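Report on one structure; see the data block that follows.
Note that the structure is predicted; figures quoted are calculated from it, not measured.
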Amino acid sequence: MREAMLRQIIDYSSRADPYPLYEELRRTPVYHDADGPYLVSTYHEILSLLHDPRISSDPRNLTLPSSDPLAQEEEDGSALPPVFLKLDPPDHDRLRRITNRPFGPPHSPHRVHGMRGELEDIVTGLIDGIAGSDSLERIDLVDQFSYPFPVTVICRLLGVPRKDESRFHGWADTIAAGLDPDPDADPGEQHKGVSDAQMELGMYLAGLIEERRKNPGEDMLSQLAAVNEEPDGSMSTLEVISTAALLLIAGHETTVNLITNGMLTLLRHPDVLRRLRESPEMSVRIVEELLRYEPPVQMLPRRSTLADIDMGGVNIPKGATVSLILASGNRDPKRFENPDRFDPDRGDIQHLGLGSGIHSCFGAPLARLEAQQALSALARRLENPRLLEDPPPYRQNAVLRGPRHLPIACDGIRTP
């Protein structure tokens with residue numbers, strides 16, 4: 001029965017509301033059935049494993065169980081070298097430190113904060129575009145706002161020329177589709193499309209990297225491509241390509257879901273939406289509660305154990321495959337009071353929505369800021385916004401869970 005429940009979580013019919021299934025799963029904090037993966041679903045156990053060096057993120061350490069339905073959710077068919085997200089120390093630490101130089105403290109402490117004005121301009125332009133569209137009676141918030149916003153931001157951050165942004169959008173969309181397979185599409189054709197997009201993206205980035213090494217700018221790609229004399233040294237060209245591709249895809253996929261899940265939740269809680277409209281500073285607490293209540297990354301599949309681990313009364317043997325169900329941990333009543341209630345006034349929101357430990361979300365500061373600015377602007381400018389479909393149509397992917405479209409209507413658009 002429990003194996004059937006696991007497959008229900010992956011099944012598309014559960015996408016709109018997987019939380020009752022997570023509640024059932026938490027009855028056995030560490031669950032294992034036959035030769036399937038070990039599922040860890042409670043807060044403290046997940047947090048412990050996120051900080052445990054005996055858990056590997058490197059897929060080369062995996063021996064995938066034949067009955068692991070989660071394995072298919074994370075396949076990306078990448079032809080690029082491994083990114084630091086899928087490496088263990090010391091390789092992970094070196095690449096992450098180099099990537100962080102142009103992005104955050106201590107080398108670039110003001111990078112994200114300095115983008116506030118630019119983010120506000122992008123948000124304003126997108127909402128103005130909605131105002132100038134043919135109809136406010138049916139707005140697809142994903143296509144018209146939640147998707148183009150973070151893609152535009154990551155292109156600007158990397159230093160992609162504005163004239164090339166549309167090409168980047170296309171490649172990102174195709175590669176992201178590999179994370180979100182269409183059951184009605186031909187798998188071979190979809191895989192070829194993803195591989196072609198990765199090849200074109202890699203060739204484009206290689207050219208851009210060569211150009212930036214000759215004529216560096218202030219953008220992140222120039223800094224990643226630069227020769228550095230610090231102890232960690234510099235990235236190879238292939239490492240820069242791989243890292244830039246990771247930033248492009250991961251830098252917008254999770255934020256699209258965070259913004260869309262956020263607006264869906266606010267429209268379902270009009271009292272909170274009204275408070276946000278009247279008090280934009282509430283956006284900080286609202287986004288943190290959203291990361292707990294509706295995290296954009298629901299689970300971390302395909303971790304592996306480098307040694308035996310005793311957890312929750314269960315022995316997880318060396319070489320086992322482990323999946324950490326973050327969204328379940330975020331609703332654990334042993335950690336959060338009334339966990340199924342959306343409450344931005346919650347006094348302690350130490351969620352798992354952006355992970356924890358050495359693999360915590362690299363782009364967390366930017367994702368938070370993007371969501372805060374997006375949701376506060378939408379709350380302020382949309383007049384009488386309302387859902388047209390509830391639940392909306394969701395993406396296929398159970399790991400990166402979020403609406404594929406969010407049809408809404410409003411009575412008008414207020415001036416900025």
Side-chain angles (χ1 to χ4, degrees), residues 50-51 53 55-61 76 78-115 150-151 153-161 168 171-172 175 198 201-255 297 300 303 354-370:
L50 285 171
H51 289 263
I55 290 287
S56 172
S57 296
D58 192 330
R60 291 171 296 188
N61 291 322
D76 59 9
S78 178
L80 296 171
V83 295
F84 60 80
L85 189 68
K86 296 184 177 183
L87 291 173
D88 297 331
D91 295 331
H92 162 274
D93 298 349
R94 170 184 167 267
L95 289 175
R96 182 158 178 149
R97 281 194 299 263
I98 294 174
T99 307
N100 200 58
R101 283 187 205 136
F103 187 72
H107 297 84
S108 307
H110 305 297
R111 166 72 78 175
V112 173
H113 182 80
M115 295 184 71
V151 175
V153 171
I154 198 65
C155 284
R156 305 278 177 86
L157 183 66
L158 287 172
V160 175
F168 246 59
W171 291 325
I175 294 170
Q198 288 173 337
L201 172 61
M203 292 174 65
Y204 173 81
L205 287 171
L208 207 55
I209 290 164
E210 183 179 356
E211 176 189 325
R212 296 304 162 80
R213 282 179 170 155
K214 294 177 181 176
N215 302 292
E218 297 299 319
D219 54 85
M220 195 168 172
L221 194 59
S222 291
Q223 292 169 284
L224 289 176
V227 175
N228 198 290
E229 301 300 330
E230 293 191 22
D232 287 319
S234 306
M235 289 186 185
S236 67
T237 298
L238 285 178
E239 287 174 334
V240 178
I241 292 173
S242 184
T243 301
L246 168 68
L247 295 175
L248 171 66
I249 304 303
H252 81 271
E253 279 296 299
T254 52
T255 311
V297 180
L300 300 177
R303 299 301 189 261
L354 296 171
S356 189
I358 65 169
H359 288 292
S360 60
C361 177
F362 176 84
L366 182 58
R368 284 184 162 107
L369 183 58
E370 287 178 286

- Item | Residue pair Ser56 / Asp88, side-chain donor-acceptor N/O under 3.5 Å | yes
- Flag, side chain of His252 to backbone of Cys155, donor-acceptor distance under 3.5 Å: no
- Query: Between Glu239 (side chain) and Ser236 (backbone), is there a donor-acceptor pair under 3.5 Å?
  - Reply: yes
- Pair Ser360-Leu354, side-chain contact (heavy atoms from CB on, under 4.5 Å): steps then yes or no: CA-CA 6 Å; Ser360 60; Leu354 296 171; 5.9 Å; no
- Non-hydrogen side-chain atoms of Arg111 and Leu157 separated by less than 4.5 Å: yes
- Item | From CG (Leu238) to CD1 (Ile209), nearest 0.5 Å | 8.5 Å
- Asp219 and Arg212: CA distance, side-chain angles, deciding distance, side-chain contact (heavy atoms from CB on, under 4.5 Å) verdict: CA-CA 9 Å; Asp219 54 85; Arg212 296 304 162 80; 2.8 Å; yes
- Query: Looking at residues at least two apart in the chain, or sitting in another chain, which of them share a ring pair (Phe, Tyr, Trp, His ring centres under 6.0 Å) with Phe103?
  - Reply: Phe362
- Query: Any luck finding a side-chain donor-acceptor pair between Ser222 and Arg213 under 3.5 Å?
  - Reply: no
- Query: Could you give the distance from CD1 (Ile154) to OG1 (Thr255), rounded to the nearest 0.5 Å?
  - Reply: 8.5 Å
- Donor on one side chain, acceptor on other, Ser57 and Arg303, under 3.5 Å: yes
- Task: Could you tell me how the ring of Tyr204 sits relative to the ring of Trp171: parallel (under 30°), tilted (30 to 60°) or perpendicular (over 60°)?
- Result: tilted
- Item | Asp232 and Arg94 ion-paired at < 4.0 Å | no
